[in-house]
Amino acid sequence: MSTEGPSNFIRDIIIEDIKSGKYGGRVQTRFPPEPNGYLHIGHAKAICLDFGLAAEFGGKCNLRFDDTNPSKEETEYVNAIMEDVQWLGFQWDGLYYASDYFQQLYEWAIQLITAGKAYVCDLSADEIRAYRGTLTEPGRESPYRNRSVEENLDLFERMKKGEFPDGSRTLRARIDMTSPILNLRDPVMYRILHMDHHRTGNEWCIYPMYDYAHGQSDSIEHVTHSMCTLEFENNRPLYNWFIEQLGIFPSRQYEFDRLALTHTLLSKRKLLKLVEERHVEGWDDPRMPTLSGMRRRGYTPEAIRNFCASVGVSKTNGITQLQQLEYFLRQDLNRIVPRVMCVQKPLRVVIENYPDDLVEEMEAINNPEDSSAGTRTIPFSRTLYIEEDDFREDPPKQFYRLAPGREVRLRYAYLITCKEVIKDSSGRIVELRCTYDPATRGGNTPDGRKVKSTIHWVSAAHALSAEVRLYDNLFVKEDPNDVAEGQDFTANLHPESLQVLHDCKVEPSLRDAAPGTKYQFERLGYYCVDRDSGQRLVFNRTIGLRDTWAKIEKRATTGA
RNA sequence: UGGGGCGUAGCCAAGUGGUAAGGCACCGGUCUUUGGAACCGGCAUUCGUUGGUUCGAAUCCACCCGCCCCAGCCA
């Protein structure tokens, strides 16, 4: 057991519990998603906590699907969730479903009815709401609250048998209609729903509510520490009430703050709207904050886990800046991903004094952060492509890339000097005529001369064409929900969150790059091969490199 | 005077009576065949406010202010 390193209040509680011998030093947690949608980065924080704490203290963590509402749940989501949890790097001990417990829950309901702690109520949904009272006024007791145990037992059994239509009756806990805690004002335990369930089919037509299922499910699994997000603080009294009335294993619930990120939406309802209204291409669109979207974008599980660890666990409603996530992404990618050259916006360069028929293989380092990654060779020839942004006919101050008369280094190749700029009839620069210094092969300068810039390139005759998809934040504003009256978050959608470049040039070593493979395009950023890639190469930009020049240039144009 | 939570730097966050960790961002600098990475340095006399207790308060007490959650037969 480790008690070193950054802690948090839940971890501290666990350490205390182990020390005091509560639960015999055992730690059992669970991650309990409802299979009604895809997992996103917010869930990743919960997963890291649930699985991470169990692992740290030699405990176990179950994956339990909270599938108590058949109207929203599907097997497709169950499978996607399992895939995402494993991709993130975690393996559950037990795999369970709340629906596994339907029979036990039903028997416990009968036990509560028998004890006079639950009753069948014939009030409609509207009536129940009216009887519940308000935040400041107490509720009123249902006229059905004092039915006899026998009648309740009979009615509940008939509810189960399917004798009544949806919505006609509910089973309610008999607690206190005047409680200041709204959840305790005779909460509904069961509702009638004649609907197929993704696992139990038509076996049941009454389904337990979250509050009646969750705590008992934890208890059945002997969960010691049940973590959930802050909005469930209000449910804790009820969670405890059922466990106490039933006299079952005392699981305890602890609430922590939900993850929130700038420029990002993490509400299943809103993400669903983005998908349905085709603002994105699907749940795994690389701009989505879903784990499947992030995976396709090129995120690594390690980066996400490190990020989750960095934001900590507390009870404050904070909004973490996206840059913090991006930092951990770059950090991980930087040390594991091979470098390669890609020219996104090609500008032709002809080396006038380089032999027309010569092709040299230049040796390049695959990953300067990892010497075991070795080297590869890249063909060099007379006609090349360089990045359009790496040349300025009239270079501004502090721009030290290529310009007329200026010398720069071609990465791993030669030093070249720009002699002439060729334009088309419209004045657009179409080609640069340069000369190279044969003594600088590999980019070395035997005379010790310095050049201020090294730029990337690709041999025109050897380059492969590729499509590159550049992604930006899906939302322009930090808070996507910050909109004018009458608008919704879609008003904040970034019109250029996806930009497709169709004729990028990549070095030939990328010919057979398989989908999912990650690279750093030198000086540009991190990219990965999209699943759309085939005979035609398609890359997703995961994240750009930090760009100091862009910052300088922006500062200059903004007029600082 | 409904209940439950939370306020420490631009953001996240340690800290639980002994004189404000760390990370992101930002700003300098070193180094560099990626304007990347790495490295060095800077960045809260003050912890929502106001009082009080104390030799000593972000930590204890009181009041006030602000924000979040709860009135689904959703989870």
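All chains are named by letter (A, B, ...) in the order of the sequence lines, taking the proteins before the strands, and each is independently numbered beginning at 1.
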Sugar-phosphate only, base, or nothing, as touched by N444(A) at under 4.0 Å among non-hydrogen atoms | base
Listed nucleotide nearest any side-chain atom of R132(A), set U34(B), A13(B), G72(B) = G72(B)
Gap in Å between the two P atoms, one belonging to C26(B) and one to C70(B), rounded | 35 Å
Output yes when at least one side-chain N/O atom of R546(A) is less than 4.0 Å from OP1 or OP2 of A37(B), else no.
-> yes
Of the candidate nucleotides A37(B), C73(B), G35(B), which contains the atom at the shortest distance from the side chain of R191(A)?
-> C73(B)
Using the C1' atom on both, measure G18(B) against G48(B) and round to a whole Å.
-> 24 Å
Pair R401(A) + D389(A): basic N to acidic O under 4.0 Å | no
Nearest-angstrom distance, P atom, C39(B) to U46(B) | 32 Å
Which nucleotide in the list A37(B), G10(B), G2(B) gets nearest to the side chain of Q321(A)?
-> G10(B)
Can you figure out which of C68(B), A75(B), G35(B) approaches the side chain of N317(A) most closely?
-> C68(B)
Mind checking T316(A) for me? I need base, sugar-phosphate or nothing, with any heavy atom below 4.0 Å counting as a touch.
-> sugar-phosphate
Could you tell me whether the side chain of E369(A) has a donor or acceptor atom within less than 3.5 Å of a complementary atom in the base of G36(B)?
-> yes
Could you walk me through whether M189(A) and T170(A) pass side-chain contact (heavy atoms from CB on, under 4.5 Å), step by step?
-> CA-CA 7 Å; M189(A) 294 164 60; T170(A) 55; over 6 Å; no
So does E163(A) pair up with R158(A), basic N to acidic O under 4.0 Å?
-> yes
C74(B) OP1/OP2 closer than 4.0 Å to side-chain N/O of Y210(A) | no
G36(B) phosphate, OP1 or OP2: any side-chain N/O from T548(A) under 4.0 angstrom?
-> yes
Of all the choices, C27(B), C70(B), G35(B), which nucleotide is nearest to the side chain of K551(A) once you look at every atom?
-> C27(B)
Is there a salt bridge (charged side-chain N to carboxylate O under 4.0 Å, His left out) between R449(A) and E407(A) once you walk through the steps?
-> CA-CA 11 Å; R449(A) 121 179 73 118; E407(A) 183 176 55; 2.5 Å; yes
Between R523(A) and G35(B), does any side-chain N or O lie under 4.0 Å from OP1 or OP2?
-> yes
Could you give the distance separating C65(B) and U53(B) at their C1' atoms, to the nearest angstrom?
-> 23 Å
Give V337(A) one of three labels, base, sugar-phosphate or nothing, depending on what nucleic acid heavy atoms sit under 4.0 Å from its own.
-> nothing
Check ion pair D437(A)-R409(A) (N to O, under 4.0 angstrom) | no
Can you tell me if NZ on K315(A) sees more than 12 non-hydrogen neighbours from other groups inside 6.0 Å?
-> yes
Respond yes when some side-chain nitrogen or oxygen of R129(A) is under 4.0 Å from OP1 or OP2 of G72(B), and no when none is.
-> yes
Would you say the side-chain atoms of E221(A) and N62(A) include a donor-acceptor pair closer than 3.5 Å?
-> yes
Under 4.0 Å between a Lys/Arg side-chain N and an Asp/Glu carboxylate O for E360(A) and R441(A)?
-> yes
Salt-bridge present (E137(A), R132(A); N to O < 4.0 Å) | no
Nearest of G3(B), G23(B), U34(B) to any side-chain atom of I181(A)?
-> G3(B)
Using only heavy-atom distances, decide whether a donor-acceptor pair under 3.5 angstrom links the side-chain of Y400(A) to the base of G35(B).
-> yes
Report the distance from atom CZ of F232(A) to atom C1' of G72(B), rounded to the nearest whole Å.
-> 13 Å
Identify which nucleotide among U34(B), G5(B), G23(B) has an atom closest to any side-chain atom of K315(A), counting heavy atoms from C-beta outward.
-> G5(B)
From the list C24(B), A75(B), A14(B), which nucleotide is the closest neighbour of the side chain of S314(A)?
-> A14(B)
Ignoring backbone atoms, establish whether S7(A) has a side-chain N or O less than 4.0 Å from OP1 or OP2 of A14(B).
-> no
salt_bridge(D176(A), R185(A)) N-O dist < 4.0 Å = no
Return the nearest nucleotide to the side chain of Q324(A); candidates are C70(B), C73(B), G23(B).
-> G23(B)
Could you work out the separation of A14(B) and U8(B) based on their P atoms and round it to a whole Å?
-> 11 Å
Using the C1' atom on both, measure A58(B) against U45(B) and round to a whole Å.
-> 14 Å
Looking only at G5(B), A25(B), A37(B), the nucleotide nearest the E233(A) side chain is G5(B)
Just call it for F399(A): base, sugar-phosphate, or nothing, with non-hydrogen atoms closer than 4.0 Å on any strand.
-> base
For RNA chain B, produce a single dot-bracket line, 5' to 3'. Pairs: Watson-Crick or G-U wobble, both distances under 3.5 Å. Symbols: ( ) within strand, [ ] crossing, | other strand, . unpaired.
-> .(((((((.[[[..)..(...]]].(((((.......))))).....[.[[[..)....]]].])))))).....
Sticking with atom C1', work out how far G28(B) lies from C43(B), rounded to a whole angstrom.
-> 11 Å
Going by modelled atom types, is there a donor-acceptor pair between the base of G35(B) and the side chain of R401(A) at under 3.5 Å?
-> yes
G17(B): syn or anti, per glycosidic angle within 90° of 0 | anti
C61(B) to A20(B) separation - P atoms, rounded to the nearest Å = 23 Å
T68(A) side chain N/O closer than 4.0 Å to the phosphate oxygens (OP1, OP2) of A75(B)?
-> yes
Would one find a side-chain N or O of R258(A) under 4.0 angstrom from OP1 or OP2 of C6(B)?
-> no
Determine the contact category for Q520(A): base if any of its heavy atoms lies under 4.0 Å from a base atom, sugar-phosphate if only primed atoms, P, OP1 or OP2 are that close, otherwise nothing.
-> base
